[in-house]
Number of protein chains: 2
Amino acid sequence: MVTYFRRMDDDRVFKALADPTRRFLLDLLFAREGRTLGELESAVEMTRYGVMKHLRVLEDAGLVITRRSGREKFHFLNPVPIRQVHDRWIDKYTERHVAALVDLKNELETER
Amino acid sequence: MVTYFRRMDDDRVFKALADPTRRFLLDLLFAREGRTLGELESAVEMTRYGVMKHLRVLEDAGLVITRRSGREKFHFLNPVPIRQVHDRWIDKYTERHVAALVDLKNELETER
DNA sequence: AAAATAGGTGACCATATGGTCACATGTCAA
DNA sequence: TTGACATGTGACCATATGGTCACCTATTTT
């Protein structure tokens with residue numbers, strides 16, 4: 001029960017990952033970092049305000065890091081919180097097995 | 001945009017992880033697997049129905065696997081979807097660096 | 001067979017969340 | 001310095017989500 005409350009902090013990370021649009025924004029930044037709001041906006045079927053709100057959520061969660069330059073704001077993906085999610089439920093010992101299993105699954109699925 | 005829609009499937013995994021109670025249930029199963037509903041219920045301040053609903057969501061997402069025996073139902077943690085989340089935004093090359101960084105962070109924080 | 005135990009369903013309600021709009025600020029170019 | 005560009009804010013609304021309750025089924029025990 002202690003854990004229950006202590007962990008409430010990373011609520012923001014999981015809440016941020018819960019929305020498909022936000023995950024897609026992370027995908028875009030994963031493919032190529034340093035994008036501006038306008039650039040991201042054009043990739044999603046949504047108004048600028050919606051995208052901004054999503055980016056705000058991602059930034060608050062620490063999943064996206066920004067850097068301003070003049071009137072532009074560049075967005076970068078931060079993988080650290082993702083790794084922490086991983087480490088929460090996959091310990092060092094089982095990691096090898098699980099990773100191998102997932103890799104195998106991917107191979108089998110792409111082979112077809 | 002293709003990715004955007006193709007990935008809609010794992011919506012369930014992220015939605016499942018979005019709730020603190022569900023994450024706590026995963027913590028409980030991570031600590032010791034094979035728990036029954038009644039056992040999990042007593043660890044959370046919530047009615048049995050709430051816990052059941054959460055377990056259902058976790059099961060639908062594939063994060064929890066169950067096995068019935070008589071009138072009891074045992075719950076087990078499945079780490080595979082967690083690993084898939086990891087692999088989506090952390091590639092093989094940066095994994096080493098990120099993992100080392102997170103480990104270092106943990107050391108520094110527990111040292112104090 | 002009756003009672004107790006373990007789990008399950010559908011409806012219901014308060015609140016949280018995603019998305020848009022009107023309006024506003026700061027920066028660059030002509 | 002005027003206009004265009006890039007990003008920001010607060011209010012607002014429809015829908016999704018978490019939690020409870022009344023009621024129900026299946027299995028074990030006495």
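Values reported hereafter were calculated over all heavy atoms of this structure, with side chains retained and with hydrogens, waters and symmetry mates removed. Labels below follow one simple rule: chain letters A, B, ... track the order of the sequence lines, proteins then strands, and each chain is numbered from 1. No experiment lies behind these values; they were computed from the predicted model shown.
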Closest-nucleotide 5' rank along DNA chain C - winner of A/Arg71 and B/Thr36
B/Thr36
Tell me whether the OP1 or OP2 atom of C/dT17 has a side-chain N or O from A/His54 closer than 4.0 Å.
no
With a 4.0 Å cutoff (strictly under), does any side-chain N or O of B/Lys73 reach OP1 or OP2 of C/dA6?
no
Rounded to whole Å, please give me the gap between CD in A/Glu45 and P in C/dG19.
12 Å
Rounded to the nearest Å, what distance is computed from the CZ atom of residue B/Arg48 to the P atom of nucleotide D/dA22?
13 Å
Which is true for A/Gly50 with a 4.0 Å heavy-atom rule: it touches a base, it touches only sugar-phosphate, or it touches nothing?
base
In whole angstroms, how far is the P atom of D/dT27 from the CG atom of B/Leu37?
17 Å
Step through the shown structure and confirm whether more than 12 heavy atoms of other residues, nucleotides or ligands are within 6.0 Å of CZ on A/Arg96.
no
Between A/Arg35 and A/Leu28, is there a donor-acceptor pair closer than 3.5 Å when you use the side chain of the first and the backbone of the second?
yes
Between atom CZ in B/Phe24 and atom C1' in D/dG19, what is the gap in whole Å?
17 Å
Taking 4.0 Å as the cut-off, does a side-chain nitrogen or oxygen of A/Thr47 come that near to OP1 or OP2 on C/dG19?
no
Whole angstroms only, please: what is the CE-P distance between A/Met52 and D/dG10?
11 Å
Starting at atom CZ of A/Arg56, determine the distance to atom P of D/dT9, rounded to an integer number of angstrom.
6 Å
Side-chain donor or acceptor of A/Thr110 paired with backbone N/O of A/Asn106 under 3.5 Å:
yes
To the nearest angstrom, the OH-C1' distance between A/Tyr49 and D/dC13 comes to 17 Å
side-chain N/O A/Arg22 vs C/dG18 OP1/OP2, d < 4.0 Å:
yes
For the pair made of CZ in A/Phe14 and C1' in C/dT17, what is the distance, rounded to whole Å?
18 Å
For B/Arg23 and B/Asp27: C-alpha separation, side-chain torsions, deciding distance, then whether salt bridge (charged side-chain N to carboxylate O under 4.0 Å, His left out) applies.
CA-CA 6 Å; B/Arg23 293 196 297 274; B/Asp27 289 336; over 6 Å; no
C/dA6 phosphate, OP1 or OP2, under 4.0 Å from B/Arg35 side-chain N/O:
no
Touch check for B/Arg68, heavy atoms < 4.0 angstrom, all strands: base, sugar-phosphate only, or nothing?
sugar-phosphate
If you assign A/Lys15 and A/Val51 each to the DNA chain C nucleotide with the nearest heavy atom, which residue ends up on the more 5' nucleotide?
A/Lys15
Any carboxylate oxygen within less than 4.0 angstrom of a Lys/Arg side-chain nitrogen, looking at B/Asp87 and B/Arg83?
yes
How would you label the contact of A/Lys53 with the nucleic acid (heavy atoms, under 4.0 Å): base, sugar-phosphate, or nothing?
base
